[in-house]
Peer 1: 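Below: one structure in structure tokens.
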Amino acid sequence: MAQLTVTLPDGSKREYETGTTLEQVAESIGKRLAKEALGAKINGKVVDLSTSLKEDADIEILTFDSPDGKEIFRHSASHIMAQAVKRLFPNTKYAIGPAIKDGFYYDFEVETPLSPEDLEKIESEMTRIVSEASDFKKSEMKIADAIQYFKDRDDPYKVEMMEEWQAQGQETVSIYNQGDFTDLCSGPHIPNTQFLKSFKLLSIAGAYWRGDSNRQMLQRVYGTAFFKEKDLKAYLNRLEEAKKRDHRKIGKELDLFSFHEEGPGFPFWHPKGAILFDILLKIIRQENDRQHYQEVKTPIILNESLWHASGHYENFKENMYFTEIDERDYAVKPMNCPGHCLIYKNSLHSYKELPIKISEFGLVHRHELSGVLHGLFRVRNFTQDDAHVFCMPEQLKDEIVKCIEYTARIYKMVGFEKYNVFIATRPEKSIGSDEDWENATAKLKEALEELGLPYEIKEGEGAFYGPKIEFNVEDCIERNWQCGTTQVDFSMPGRLGLTYEGSDGKKHTPVMIHRAILGSMERFIGILIEHYAGKFPLWLSPTQVRLIPIHEKQHDYARNLEKILMDESIRVDIDFRDEKLGYKIRKSQLEKIPFMVILGDKEMEEKTLSIRSRTQGDLGTSDLESFIQLLKKENTLNSN
RNA sequence: GCCCACGUAGCUCAGUGGUAGAGUUCUUGCAUGGUAAGCAAGCGGUCACCAGUUCAAUCCUGGUCGUGGGCUCCA
């Protein structure tokens, strides 16, 4: 037998006989690796472990620890699920079943919709399949034969896919089977079904065939799988943790906001939620002032002609609300930019004035499909911390840089240390020349590169008038949330007739940057609620201090203290209820109030306060002045 | 918008083809308290809405509205 040399990721080389399988290679490297090996890479290409070596190559054995290993593992899990479904519901037709982030799914067309009880049955059947310990076997088939095979099996979705590949000139396809189940699949797969010990089916949902809303609605079953039971448990715990933080639940518990049938997707802010809103607004307003933004207020409803001129009617109509006033057509603003342009246009501008920065906490309305509404995260009206920077082209990059730095600083201030950046490029529905788009996109990249910020591209996800930088904040359980944007717009100023007089005495068209930092105030508050799980830091807590008199005798003492604390701008209230101390503490604790002040005879006589912290419990007695100092010390934003 | 599930007291939820229950909140008594629930009574519901089936519907059927999970990650 001829010898060949494989090179492992650490650079070491090993000799094997031609025809040695990767499984054997794994065994020769180590027992433990062989036990955990799921697949392998030959010269960077992912393959089954059963693949045999034909020539010298770079080899990497894949375990669950690698992203490729996870994908192989979960993709195989989806096949095992499909096999279980086949046994339970023999007439099922199969679409696709890929691995996804944190799990897998498979799309089926079933005769009767699947129920949650069906999930349990499918899980049990999967367990049986795992215990049957069938090997995954790969074979090649001529595409025409495969089409016939799947036609005979009445699997139209597979046939549709293969007919497309055939039209593209593909000649063969690969087929995998494990036990009594055969599926079209490019693989690779785990060697044997018995590898899949730790899995869980999570939910059933509808999903359109090929994501096209005009086509067949399929049943999608979501699941997840891990190599080790311990990791599955940890993942399920994380899901539980996320559920506990759900802002819709906490918002109700803390009486922050509500939704009503009378206005689906339109949030109602209750007094305590309005405080959160106002705190954020004040932070942004103060920072805007420092950056020389000029705050304005513009109308909610404006004549439709403006929206035709701006391009919104043509490109954003589906998301807009329309109305009629005195037999003329009006639209409810989905964005603030045209209004700001009207303000800009209201007077003549010299190049010496630029950049002009106009900001607004603008309430915009956007029609969203009923099925996508989701608490504060997806609403039909929301307040943007919006601003538009009108500048000369040569100022553009510096202004973008300032917007980015500003955005990052705010995130840090309110508690998000980490954020991720994307550039979203030209979408299908858009206005402006290719040249302008390229130019604008290049400017965004330049600015990010100057700041040394890594970014990823999101193709075709820009606004209709220009590309955007998207900022995603990462919360404390590592979820990403899209918040702010910085967008460059070469179109709208021209379309709406904006000009400035240059040093050459001629009229020029300014460039416009659209920027928002929190994005939607509503959404951002939702994110903060989940990030902090409702346990807001002192600066954000709607009620910062609760005074708890033990007996009616201390009520006046409490009122007196309340007044002093209020004069210090501390948000304070008193629990006057005729209840025992333990009861009142419990209530405050459940309301997640940072500080409780217990007031009894002792405190009243000694003119002291007994402090209890939400997190640390009883802090002992203090005098009023020290308590105020303690609050002031803790009541600061990050890195102010 | 589409698919599936859900909608019972302010809140969290049981329940039944014969017009409803618990805990909590709230009100009122009693208890006058020391760091996460004192005792008792009471108030509170057109069982989302509209039709239909039925002697009888909160329950069954259909529709409407709302809520939830999805509908991007291409064998």
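This structure is a prediction, so every number in the text was calculated from the model and none was measured. A, B, ... follow the sequence lines: proteins, then strands. Residue 1 opens every chain.
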Peer 1: Please measure how far the P atom in B:U64 lies from the corresponding atom in B:C2, and state the result in whole Å.
Peer 2: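 Nearest-Å result for B:U64 against B:C2 at atom P: 9 Å.
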Peer 1: Checking all strands, does A:Ile96 fall into the base, sugar-phosphate, or nothing category for heavy-atom contacts under 4.0 angstrom?
Peer 2: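 Since only primed, P, OP1 and OP2 atoms lie under 4.0 Å of A:Ile96, the category is sugar-phosphate.
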Peer 1: Who are the side chain to side chain contact (heavy atoms under 4.5 Å, CB included) partners of A:Pro188, not counting sequence neighbours?
Peer 2: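 A:Pro188 satisfies side chain to side chain contact (heavy atoms under 4.5 Å, CB included) with A:Val46, A:Asp48, A:Ile72, A:Tyr176 only.
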Peer 1: Given B:G34, is OP1 or OP2 found less than 4.0 Å from the side-chain N or O atoms of A:Arg612?
Peer 2: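 Checking B:G34 against A:Arg612, no side-chain N or O comes under 4.0 Å of OP1 or OP2.
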Peer 1: Is A:Arg378 close enough to B:G68 that one of its side-chain N or O atoms is under 4.0 Å from OP1 or OP2 there?
Peer 2: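 For B:G68, neither OP1 nor OP2 has a side-chain N or O of A:Arg378 closer than 4.0 Å.
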Peer 1: For nucleotides B:C3 and B:U72, find the distance between their P atoms and express it as a whole number of Å.
Peer 2: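 Here B:C3 and B:U72 have their P atoms 16 Å from each other.
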Peer 1: Rounding to the closest angstrom, what is the interatomic distance between B:A75 and B:C13 at atom P?
Peer 2: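 My reading of the P atoms in B:A75 and B:C13 gives 39 Å.
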Peer 1: Just checking A:Gly582: base, sugar-phosphate only, or nothing, at a heavy-atom cut-off of under 4.0 Å?
Peer 2: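 The answer is sugar-phosphate, as A:Gly582 gets under 4.0 Å only of primed atoms, P, OP1 or OP2.
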Peer 1: Between B:C60 and B:G23, how far apart are the C1' atoms? Round to whole Å, please.
Peer 2: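 Looking at atom C1' only, B:G23 and B:C60 are 31 Å apart.
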Peer 1: Quick one: label A:Tyr583 by what it contacts on the DNA or RNA (base, sugar-phosphate, nothing), any heavy atom closer than 4.0 Å.
Peer 2: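 Result for A:Tyr583 = sugar-phosphate.
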Peer 1: May I ask which nucleotide in the shown strands pairs with B:A41, Watson-Crick or G-U wobble, both distances under 3.5 Å?
Peer 2: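 Paired with B:U27.
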Peer 1: Looking only at the aromatic ring of each residue, does the gap between the centers of A:Phe322 and A:Tyr313 stay below 6.0 angstrom?
Peer 2: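 Yes - the distance between ring centres of A:Tyr313 and A:Phe322 falls below the 6.0 Å cut-off.
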Peer 1: Searching all strands shown, indicate the nucleotide that pairs with B:C6 (Watson-Crick or G-U wobble; both distances under 3.5 Å).
Peer 2: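 Across all strands, the one nucleotide that pairs with B:C6 is B:G66.
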Peer 1: Might you list the N or O atoms of the protein lying below 3.5 Å from N or O atoms in nucleotides 5-12 of chain B, with each pair's distance?
Peer 2:
| residue | atom | partner | partner atom | Å |
| --- | --- | --- | --- | --- |
| B:U12 | OP1 | A:Lys252 | NZ | 3.0 |

Peer 1: In whole Å, what separates the C1' atom of B:U12 from that of B:G62?
Peer 2: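 Approximately 31 Å lies between the C1' atom of B:U12 and that of B:G62.
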Peer 1: What's the closest nucleotide to the side chain of A:Arg586 if the choices are B:C4, B:G69, B:A36?
Peer 2: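 From the listed options, B:A36 comes nearest.
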Peer 1: Kindly say whether, by distance alone, the side chain of A:Tyr208 makes a donor-acceptor pair under 3.5 Å with the base of B:G70?
Peer 2: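 It does not, because no donor-acceptor pair links the side chain of A:Tyr208 to the base of B:G70 below 3.5 Å.
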Peer 1: Which base sits across from B:U46 as a Watson-Crick or G-U pair, both distances under 3.5 Å?
Peer 2: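 Looking at the geometry, B:U46 pairs with no nucleotide.
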Peer 1: Which part of the nucleic acid, if any, lies within contact of A:Tyr94, taking any heavy atom under 4.0 Å across all strands shown: a base, the sugar-phosphate backbone alone, or nothing?
Peer 2: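 Since no nucleic acid heavy atom lies under 4.0 Å of A:Tyr94, the category is nothing.
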Peer 1: Tell me: CD of A:Glu606 to P of B:G34, nearest whole Å?
Peer 2: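 Nearest whole value for this atom pair: 18 Å.
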Peer 1: Does A:Arg248 have a side-chain nitrogen or oxygen under 4.0 Å from the phosphate oxygens OP1 or OP2 of B:U67?
Peer 2: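 Answer no for this pair, as no side-chain N or O of A:Arg248 is under 4.0 Å from OP1 or OP2.
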Peer 1: Tell me whether the side-chain N/O atoms of A:Ser203 come closer than 4.0 Å to OP1 or OP2 in B:G70.
Peer 2: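 Answer no for this pair, as no side-chain N or O of A:Ser203 is under 4.0 Å from OP1 or OP2.
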